[in-house]
There are 2 protein chains.
Amino acid sequence: MDSIGFEPHDHSSCIHDCIAAVDAQCRTAGLQFTPVRRRVLEILLQEHRALGAYEILDRLREEGLGSQPPVAYRALDFLVKNGFAHKIERLNAFIACTHPGEHHAPVFLICRACDAVAESQREPTQGQLGQAAREAGFVIERAVIEAEGLCPKCQHVGAA
Amino acid sequence: MDSIGFEPHDHSSCIHDCIAAVDAQCRTAGLQFTPVRRRVLEILLQEHRALGAYEILDRLREEGLGSQPPVAYRALDFLVKNGFAHKIERLNAFIACTHPGEHHAPVFLICRACDAVAESQREPTQGQLGQAAREAGFVIERAVIEAEGLCPKCQHVGAA
DNA sequence: TGCGTGATGTTATAAGATTACATGGGGCGT
DNA sequence: ACGCCCCATGTAATCTTATAACATCACGCA
């Protein structure tokens, strides 16, 4: 799994590896990786784009795994809280983490043309955000960093 | 008006100055700074925190300036599009810009205890986000950078 | 067995945002 | 003055996103 998500890669093994990693982590952390939670993560992993909660819910419904919003939101809460998925605030949508379990300070690059989302990692307390916070005497606990623009592929297509 | 919003300051003059600055800018840019738009900006300026669209709508309603959601959303769209206000994605809420008209790459520091929001400016193409984008071949058009944590004042109160 | 904890099922509703269509007022060319 | 266009506004309806509240179930454990 690479840190940048725009390159082609072996997707089915990427899915399998992620599930296995999360499964192992849940075991050691004493967390219940239940069928719904696992399935939601699989659904998210099938795309390198963000899915809305209701999009996920639709798929769960088709599979008979639950039909009401709280089912999807609860699974997503679990995944997000434990760092297995992230919420993209800009899109009100969710995406699987590409570095499950690693120390977390995600940065997202969102392509406005093809909706692909790449996740990268940065130290939030360094760099310009950290500097702004230090100047203000502000203590950062979490940071949302989401850039919107064009991925390499889409820069060369319509070239809007 | 300072670039960091946690210090005490002369708030009524800050409001007045902002409105005057925006008014002048609208004049030169040929934009209509209508009563609803002006009032919404005033409402936002009265607080150094983000307000939801419906919170704003409630105040407009009390004043007889409009009662349906589109009234508030349209005014907010105008203000955001022209850089006089910003949307805080993390909160689904809006805040007046503290640097109206200046070249814009805002960074927000959101206090989770008192809800104060400070706005600072950074060059988005520099720093860690820019670096991540460059590595990925991604072209940034807009960036959402919102840090959540504790402002100086709240660090010394309950000390959660 | 009985209890507590955490996951699920289900109903209802809150909160945030947009679509669509009707109305009105100001500037401008004729 | 007239008609026209553009932009802003008024309003109803609807859609999307998210949560509250409460019942039930399964498991581990005293």
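Reminder, nothing fancy here: chain letters follow the sequence lines and each chain counts from 1.
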Q) According to the interplanar angle, ranging from 0 to 90°, do the rings of B/Phe94 and B/Tyr73 count as parallel (below 30°), tilted (30 to 60°) or perpendicular (above 60°)? A) perpendicular
**Q.** Parallel, tilted or perpendicular: rings of B/Phe78 and B/Phe33 (30°, 60°)
**A.** parallel
(Q) For A/His11, is the NE2 atom crowded, meaning more than 12 foreign heavy atoms sit under 6.0 Å from it? (A) yes
Q) Around A/Lys87, counting heavy atoms of other residues, nucleotides and ligands shown, do more than 12 lie under 6.0 Å from its NZ? A) yes
Taking only the side-chain nitrogens and oxygens of [X], find out if one of them lies under 4.0 Å from OP1 or OP2 of [N].
| X | N | answer |
| --- | --- | --- |
| A/Lys87 | D/dA18 | yes |
| B/Asn92 | C/dA17 | yes |
| B/Tyr73 | C/dA17 | yes |

(Q) Rounded to whole Å, please give me the gap between CZ in B/Phe78 and P in D/dA8. (A) 7 Å
(Q) Expressed as a whole number of angstroms, how long is the span from B/Glu89:CD to C/dG16:P? (A) 13 Å
Closest to the [X] side chain, choosing from [options]:
| X | options | value |
| --- | --- | --- |
| B/Gln68 | D/dG10, D/dA12, C/dA17 | D/dA12 |
| A/Ala53 | D/dT11, D/dA18, C/dA17 | D/dA18 |
| B/Pro69 | D/dA20, C/dT18, D/dT11 | C/dT18 |

(Q) Looking at B/Arg142 and B/Glu89, is there a salt bridge between them, counting it only when a charged N and a carboxylate O are closer than 4.0 Å? (A) no
Q | Salt bridge present between A/Arg59 and A/Glu62 (N-O < 4.0 angstrom) | A | no
(Q) If you assign each of A/Asp77 and B/Ser67 to its closest nucleotide in DNA chain D, which residue comes earlier from the 5' end? (A) B/Ser67
Q. Between the side-chain atoms of B/Tyr54 and the base atoms of C/dA14, is any donor-acceptor pair under 3.5 Å?
A. no
Q.
Determine whether a donor-acceptor pair (one donor, one acceptor, N or O, separation below 3.5 Å) exists between the side chain of A/Arg74 and the base of C/dG6.
A. no
**Q.** Within residues 28-47 of chain A, residues whose heavy atoms come under 4.0 Å of DNA chain C
**A.** A/Gln32, A/Thr34, A/Val36, A/Arg37
